[in-house]
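Report on the following structure.
Convention: sequence-line order gives letters A, B, ...; per-chain numbering from 1.
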Amino acid sequence: MSERLTERTIEHLDRGPLDRDELAKLVAGGIAPGSYVNLGIGQPTAVSDYLAPGSGIILHTENGMLGMGPVAHGDQIDPDLINAGKIPVTELPGASYFHQADSFAMMRGGHIDVCVLGAFQVSQDGDLANWHTGKPDAIPAVGGAMDLATGAKQVYALMTLFARDGSPKLVPKCTYPLTGRGCVSRVYTDRAVFQLDGGRIVVSETFGQSFDELAASLDVDLLRAQDQ
Amino acid sequence: MSERLTERTIEHLDRGPLDRDELAKLVAGGIAPGSYVNLGIGQPTAVSDYLAPGSGIILHTENGMLGMGPVAHGDQIDPDLINAGKIPVTELPGASYFHQADSFAMMRGGHIDVCVLGAFQVSQDGDLANWHTGKPDAIPAVGGAMDLATGAKQVYALMTLFARDGSPKLVPKCTYPLTGRGCVSRVYTDRAVFQLDGGRIVVSETFGQSFDELAASLDVDLLRAQDQ
Amino acid sequence: MVTFSPDPDAAVEGVQDGATVLIGGFGAAGQPIELVDALRRTGAGDLTVVSNNAGNGTTGIAALLAAGRVRRVICSFPRQVDSFVFDELYRAGRIELEVVPQGNLAERLRAAGAGIGGFYTPTGVGTLLAEGKETRTIDGREYLLEFPIRGDVALIRASTSDRAGNLIYRKTARNFGPLMASAAALSVVEVSHIVETGALDPEAIVTPGIYVDRVVLTHE
Amino acid sequence: MVTFSPDPDAAVEGVQDGATVLIGGFGAAGQPIELVDALRRTGAGDLTVVSNNAGNGTTGIAALLAAGRVRRVICSFPRQVDSFVFDELYRAGRIELEVVPQGNLAERLRAAGAGIGGFYTPTGVGTLLAEGKETRTIDGREYLLEFPIRGDVALIRASTSDRAGNLIYRKTARNFGPLMASAAALSVVEVSHIVETGALDPEAIVTPGIYVDRVVLTHE
């Protein structure tokens, strides 16, 4: 399990929930300098905008590259240089290219320090659901999601805490089809940050509400960091 | 199984057994132009001296190279460029280097057309024994022998037909520990060339003796090519 | 031994009905567009297509699907914003789909090329995609048993070939090319450049010519 | 994150008694001689050494063996013309030996680096080296089940590292280096050249820096 984020649970009552940029920035700040990191498709991609220059964090994209740079614009665009979301990107000094078996060997073999993934649901045991809505007419498409969830040393889920219909996405047990079992160690949401540890959920920070208000809004048991 | 070598069994009665160079030359002549070939340590290495220039035959050495050239001499010697027998060699245009997993993937995956291997014994079923004398005090050392025997599309054994003690090395069943089962399709010896085909042994050529004399000297049943 | 085909149609000659065709590319990067178009023109049908995606828009793999040539798709990510051709066929029950996690897909292709009979992967354990698969616990961790995916033919795109069929790729267009070239009985490659043998750095060759059967020069 | 060690002794600091040490090289090509010598000077013992060979003459691995530091050797080819140190220890029953076919050895190291739990190989079927191993028939062919070989530390030699730990090798000295770097918890590399990050061609990097922990510059 990853190191504790905070000694005590911090309740930010003087503000509302985080917006997308604030959340991306928070995730970026929680990644150790020098880490090898894979940012999943969608919201996690925005985390790269907030990685400190000089942090030495190196980005992996599972379609075959280490040392990925920012999104390409204008003349930088090269159709042979894209990220896993198929967006044109750039190359940083020290980059390397490899084929798909080597790229997923890197992932599956536990060499990527942190993978940040979007989520439909995360369970208190760290199960992740992010690939399939489970609807009968849905066309299943998994891409590298299961490999990433299973392979990285640390998997951080990044999501809003509540779905559009108001139901919580941090749940006792996922109702959506799983991407990986027991793989998530940290959950970043607009309302709070959670550490998952062997079935226990420890709240590191809350945003715009107290610990007790947060606890009342979820169907899982929460712990304060200082009660561990 | 490989193509027939000869329509009829040819008996060369006007000469003696082949010497080492003649045998190497004969093997070289039996390899199709453009083949990818691995020559085992020891006597098979000499086959490379007789590959016709322009034949387009490309040599693989399992320590990580395609496009191996002749043995290096003088200033050509580079300690980082050696063959599987740890002899300094040279590089031909079009050569490529790869690591051991890629090299043996190439071998195991059936991409090498022909592998020529020395042998202690070959059985009529194509079993090969070439790595271990079976003596109780012998230190076992297999190297790539089993991978080569198992992986190549065609395995040609290259050996004298009789051991120093006069016992035949083409046998009903190997008494030495096996390197691979049913892997040899052709046996080149100083006395004759044999095709192995599902337990049957067809003699292509004899050297210095007749088919009948050859048959009388071995404990296996032999067929003439024309009797197939 | 590698041969150089005069055009894409010649390069794909001989693909049979019912063939399993490995098609390189991740998104547009590394897609052998001209070879896929040529494959469609052969009229070969009842194909199994193995590729990361299941076609975009109305060209390439999508056109092959639209022409009714494909019985079955093995891929990791069929659903995309512009995968309407596949989507429609799938919803109409007119095409079979096997979804494979991208890393398992890559490893299964590698296994085919490397003569590995099967392997245990942790990816997919406990998910819908594990259904019907054998599991095994090794050193306290659960794995799924996966088997090789072999192709009758591979259609891939590389950047440059030398006259011995040695290939290099460009950036993330490398993706599945080297694996598919090793996993198929017949490997066909479209390239933007052909150079003399010896012009490529032997340390930097990604696909040795041993894995290449036919090369055709196409527009970039 | 890669660190650069001032000398080979600093580079091998922390190897524990009982460690499994992966040592690169095939014959002399790619042997990390200086790191092996430094390992001997640490005094760490009860080691398991995984390497293609079991030492030549009286230097490198042979010296490590002679110093009594090695309990067990896993290799493909221990017996050589000048492997007398190993030979003597082995005949005296003072060292354990596991002989692994070279290709299976390479694949087991790759499996460790790639997170593969086990794999089925045709190499060794029906031989002495299959004894005690599980077999399985897949598509009519018999295979042996082999498991990963993981290292606590890997000692390898490359030609050049950049400041990010990206490595290139020279010719057949590449051999086991890339595999061992991926298979060990701690990867230590001796190189002849260190260059600035960005100086190596990203298409030609063989071992990405992610697999490298410590680099030390040694004489060629």
Side-chain angles (χ1 to χ4, degrees), chain B residues 41 61-65 68 78-91 95-110 125 127-129 131-134 136-151 174 176-183, chain D residues 24 26-31 52-54 56 75-81 83 86-87 90-91 97-111 113-114 121-130 142 157 159 169-182 206-207 220:
Chain B
I41 297 175
T61 181
E62 65 268 25
N63 52 316
M65 181 186 193
M68 181 175 67
D78 177 342
D80 285 343
L81 179 48
I82 60 176
N83 67 13
K86 289 155 192 157
I87 310 292
V89 292
T90 53
E91 168 190 304
S96 56
Y97 298 100
F98 26 81
H99 62 54
Q100 288 291 280
D102 281 350
S103 187
F104 282 96
M106 200 175 279
M107 178 56 75
R108 195 191 306 108
D125 293 318
D127 294 352
L128 173 70
W131 77 285
H132 195 309
T133 60
D137 71 332
I139 297 177
V142 67
M146 289 185 182
D147 305 279
L148 271 55
T150 308
C174 294
Y176 286 86
L178 293 191
T179 307
R181 279 197 318 214
C183 55
Chain D
F26 177 90
Q31 254 191 52
N52 192 65
N53 305 112
N56 304 74
C75 74
S76 88
F77 209 79
R79 189 193 62 226
Q80 299 186 269
V81 278
S83 61
F86 173 84
D87 298 359
Y90 180 77
R91 294 222 162 89
L97 171 65
E98 178 181 350
V99 173
V100 182
Q102 196 171 334
N104 288 356
L105 182 63
E107 192 70 10
R108 290 175 67 184
L109 290 163
R110 179 188 178 273
T121 174
T123 301
V125 167
T127 75
L128 286 179
L129 299 186
E142 199 175 333
R157 175 163 188 79
S159 161
Y169 301 80
R170 273 197 81 241
K171 302 184 185 282
T172 57
R174 187 182 301 194
N175 56 64
F176 287 94
L179 306 169
M180 290 179 169
S182 77
V206 175
T207 295
E220 217 159 336

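In this structure, CD on B/Gln100 lies 6.5 Å from CG on D/Asn52, to the nearest 0.5 angstrom. The CG atom of D/Asn175 sits 7.5 Å away from atom CD1 of B/Ile82, with the distance rounded to the nearest 0.5 Å. The distance from atom OG1 of D/Thr127 to atom CG of B/Leu128, rounded to the nearest 0.5 Å, is 11.5 Å. Expressed to the nearest 0.5 Å, how far CD of D/Glu142 lies from OG1 of B/Thr150 amounts to 11.5 Å. Atom CZ of D/Arg157 sits about 7.5 Å away from atom CG of B/Asp80, to the nearest 0.5 Å. To the nearest 0.5 Å, atoms CZ (B/Phe104) and CD (D/Glu107) are separated by 11.0 Å.
In this structure, chain B has heavy atoms under 4.5 Å from both the backbone and the side chain of D/Asn104. Contacts of D/Pro78 with chain B are made by both backbone and side-chain atoms, with heavy-atom separations under 4.5 Å. If you measure heavy-atom distances from D/Phe86 to chain B, the contacts under 4.5 Å come from the side chain alone. Proximity to chain B is limited to the side chain of D/Tyr90, based on heavy atoms less than 4.5 angstrom apart. When heavy atoms are compared at a cutoff of 4.5 Å, B/Pro79 approaches chain D solely by way of its backbone atoms N, CA, C and O. B/Thr179 touches chain D through its backbone: at least one of N, CA, C or O sits under 4.5 Å from a heavy atom, while the side chain does not. Of the atoms belonging to D/Val100, it is backbone heavy atoms, and not side-chain ones, that fall under 4.5 Å from chain B. When heavy atoms are compared at a cutoff of 4.5 Å, D/Arg79 approaches chain B by way of both its backbone and its side chain. Within the 4.5 angstrom heavy-atom criterion, no atom of D/Leu105 approaches chain B.
Note: B/Gly143 leads B/Gly180, B/Ala145, B/Gly143 in heavy-atom pairs under 4.5 Å with chain D. For the set D/Gly177, D/Ala28, D/Ala54, D/Ala106, the entry with the most heavy-atom pairs within less than 4.5 Å of chain B is D/Ala106.
Residues satisfying the side-chain contact (heavy atoms from CB on, under 4.5 Å) criterion with B/Pro177, sequence neighbours excluded, are B/Trp131, B/His132, D/Leu128. For B/Thr61, the side-chain contact (heavy atoms from CB on, under 4.5 Å) criterion is met by B/Asn63, B/Met65, B/Met68, B/Asn83, B/Ala84, not counting sequence neighbours.
In this structure, D/Arg91 and B/Asp137 approach most closely via the heavy-atom pair NH2-O, 3.1 Å. Shortest non-hydrogen contact noted between B/Val142 and D/Pro101 is CG1-CA, 3.6 Å. Nearest approach of D/Thr172 to B/Leu81, heavy atoms of both residues: OG1-CA, 3.4 Å.
B/Arg108 places a side-chain N or O within donor-acceptor distance of the main-chain N or O of D/Gly103, the cut-off being under 3.5 Å.
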TODO: Take B/His99 and D/Arg110, measure what side-chain contact (heavy atoms from CB on, under 4.5 Å) needs, and give me the verdict at the end.
DONE: CA-CA 10 Å; B/His99 62 54; D/Arg110 179 188 178 273; 5.6 Å; no

